[in-house]
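Data first, discussion second: the structure below is written as structure tokens.
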Amino acid sequence: MKADSRKMLDRLCLAMIDYDRRDPMRIQHLIKVHAFSAMIGRGEGLDEKTQLILEAAAYVHDIGIHRAEILCGKSDGKLQEKYGPAEAKPILEKIGFEKDEIDRICYLIGHHHTYKDIDGMDYQILVEADFLVNLYEDHSSVAGIQSAYSKIFRTECGKKIFREMYLDAGDPEYEKWLQSKEQAADAE
């Protein structure tokens with residue numbers, strides 16, 4: 001990634017730390033989602049512009065939470081999608097992202113809790129990275145973890161990270177689950 005792009009991302013990260021000041025949980029979340037997004041994007045060989053858009057979207061993906069809480073008293077995924085793009089746009093403009101980059105980043109913010117009709121590797125990777133973090137932060141059940149793997153993960157890099165984080169090959173539950181997945185694949 002070019003030095004200018006890296007500097008823009010660093011400025012965006014600092015802007016989000018300022019935006020979420022005194023909320024270390026949200027700051028930690030955006031840093032972790034960014035780290036996984038960046039790693040999966042590189043692992044999948046994204047071109048430089050798509051990688052930049054993905055990493056920027058990872059930093060701002062949950063920016064709608066504050067506005068949703070103020071206006072609605074809650075901040076579920078659909079409200080984050082609704083309020084996030086308008087919150088992110090002026091920050092992205094101030095930092096110097098191009099209009100087409102801002103449009104795509106805002107699209108990703110506005111869809112990051114929508115898991116059907118995923119269009120583009122940046123979208124897929126952002127969803128996977130958010131799941132990698134949310135499954136841990138939300139203390140998801142084994143069934144929820146297994147469901148997320150089969151329904152959400154498509155990239156080879158994301159699946160590898162997921163398996164190493166959540167699926168223990170020595171665990172009898174994992175072995176049963178893996179057998180069922182293999183049987184389902186054989187049946188298709």
Side-chain angles (χ1 to χ4, degrees), residues 1 4-42 46 48-140 148 152-153 155 158 161:
M1 183 172 289
D4 289 346
S5 295
R6 179 60 40 214
K7 286 178 183 177
M8 286 175 58
L9 289 170
D10 288 346
R11 287 195 312 271
L12 181 58
C13 180
L14 291 171
M16 286 307 300
I17 290 170
D18 181 53
Y19 185 89
D20 283 332
R21 75 175 68 97
R22 293 179 296 283
D23 193 347
M25 185 180 73
R26 287 196 185 122
I27 294 167
Q28 292 288 321
H29 179 81
L30 71 88
I31 296 292
K32 290 184 282 187
V33 172
H34 172 266
F36 283 124
S37 292
M39 186 175 8
I40 296 169
R42 288 189 303 270
L46 295 185
E48 188 169 325
K49 185 166 188 150
T50 306
Q51 183 78 23
L52 173 66
I53 289 167
L54 168 63
E55 290 190 40
Y59 279 137
V60 297
H61 75 283
D62 280 344
I63 197 168
I65 288 175
H66 291 299
R67 180 69 50 210
E69 288 174 339
I70 291 166
L71 297 175
C72 305
K74 60 183 181 175
S75 62
D76 62 64
K78 290 302 164 193
L79 291 172
Q80 291 174 36
E81 290 179 339
K82 179 178 179 179
Y83 294 110
E87 288 291 297
K89 188 175 180 180
I91 295 170
L92 296 166
E93 289 172 342
K94 182 177 181 184
I95 289 171
F97 284 89
E98 296 176 10
K99 183 189 180 320
D100 66 317
E101 295 166 340
I102 293 169
D103 289 346
R104 182 63 180 175
I105 294 165
C106 287
Y107 176 83
L108 294 173
I109 296 166
H111 292 83
H112 79 279
H113 283 287
T114 302
Y115 310 127
K116 61 180 177 132
D117 301 324
I118 291 177
D119 69 335
M121 286 295 286
D122 50 359
Y123 188 169
Q124 179 65 43
I125 293 168
L126 179 61
V127 167
E128 289 181 13
D130 202 24
F131 261 89
L132 287 170
V133 176
N134 285 336
L135 289 169
Y136 172 75
E137 290 179 349
D138 296 344
H139 307 287
S140 295
I152 298 299
F153 285 76
T155 69
I161 293 167

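For the single chain, residues carry numbers from 1 onward in sequence order.
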>> Can a donor-acceptor pair be found, under 3.5 Å and without considering hydrogens, that links the side chain of Q51 to the backbone of A38?
In response: yes
> Can you list the residues that meet the side chain to side chain donor-acceptor pair (under 3.5 Å) rule with D117, with sequence neighbours excluded?
Replying inline: none
> What residues form a side chain to side chain donor-acceptor pair (under 3.5 Å) with H113, not counting sequence neighbours?
Replying inline: Q80, Y115
>> Tell me every residue that passes side chain to side chain donor-acceptor pair (under 3.5 Å) with Y107, counting only those two or more places apart in sequence or in another chain.
In response: D119
> Can you name the side chain to side chain donor-acceptor pair (under 3.5 Å) partners of D103, sequence neighbours left out?
Replying inline: K99
> Is it true that a side-chain atom of Y123 and a backbone atom of H111 form a donor plus acceptor pair closer than 3.5 Å?
Replying inline: yes
> Within a strict 4.5 Å, meaning less than it, do heavy atoms of the C106 and V60 side chains meet?
Replying inline: no
> What distance do L12 atom CG and I17 atom CD1 have between them, rounded to the nearest 0.5 Å?
Replying inline: 10.0 Å
Taking distance alone, no hydrogens or angles, what donor-acceptor pairs closer than 3.5 Å link side-chain atoms of residues 89-98 to residues at least two apart or in another chain?
none

>> Counting only heavy atoms from other residues, nucleotides and ligands, does the tally under 6.0 Å from NZ of K49 exceed 12?
In response: yes
>> Assess the residue pair C13 and I31 against the criterion (side chain to side chain contact (heavy atoms under 4.5 Å, CB included)); give the C-alpha distance rounded to whole Å, side-chain angles, the decisive distance to 0.1 Å, and a yes or no.
In response: CA-CA 8 Å; C13 180; I31 296 292; 3.5 Å; yes
> Are the charged groups of D4 and K7 less than 4.0 angstrom apart, N to O?
Replying inline: no
>> Return the CG to NZ distance between D76 and K82, rounded to the nearest 0.5 Å.
In response: 10.5 Å
> Got a second to check how far S5's OG is from D10's CG, nearest 0.5 Å?
Replying inline: 11.0 Å
>> Tell me which one of L108, L46, I102, L126 satisfies side chain to side chain contact (heavy atoms under 4.5 Å, CB included) with I53.
In response: L108
> Partners of R22 by salt bridge (Lys or Arg N to Asp or Glu O under 4.0 Å), sequence neighbours excluded?
Replying inline: none
> In Å, rounded to the nearest 0.5 Å, how long is the span from CG of L54 to CZ of R42?
Replying inline: 10.0 Å
> Among pairs that include at least one residue of residues 120-139, which meet salt bridge (charged side-chain N to carboxylate O under 4.0 Å, His left out), considering only residues two or more places apart or in two chains?
Replying inline: K32-E137, R104-D122
> Roughly how far apart are T50 OG1 and M121 CE, rounded to 0.5 Å?
Replying inline: 9.5 Å
> What are the two closest heavy atoms between A57 and I105, and how far apart are they?
Replying inline: CA-CG2, 3.9 Å
> Can you list the residues that meet the salt bridge (Lys or Arg N to Asp or Glu O under 4.0 Å) rule with R67, with sequence neighbours excluded?
Replying inline: E87
> Distance from H112 atom NE2 to D62 atom CG, nearest 0.5 Å?
Replying inline: 4.0 Å
> What residues, two or more places apart in sequence or in another chain, satisfy ring-ring contact (aromatic ring centres under 6.0 Å, His included) together with Y136?
Replying inline: none
> Who are the salt bridge (Lys or Arg N to Asp or Glu O under 4.0 Å) partners of D23, not counting sequence neighbours?
Replying inline: R26
> So which heavy atom on L135 is nearest to which on A148, and how close?
Replying inline: CD1-CB, 3.9 Å
>> Strictly by ring pair (Phe, Tyr, Trp, His ring centres under 6.0 Å), give each pair with a member in residues 10-32 just once, sequence neighbours left out.
In response: Y19-H66, H29-H61
> ring-ring contact (aromatic ring centres under 6.0 Å, His included) with Y59: which residues, sequence neighbours excluded?
Replying inline: H34
> Can you name the nearest heavy-atom pair linking I125 to G41, along with the distance?
Replying inline: CD1-CA, 3.8 Å
>> Ignoring hydrogens, what is the shortest heavy-atom contact between G84 and I63? Give both atom names and the distance.
In response: O-CG2, 3.3 Å
>> Are I152 and V127 packed together at the side-chain level, in the sense that at least one heavy-atom pair is separated by less than 4.5 angstrom?
In response: yes
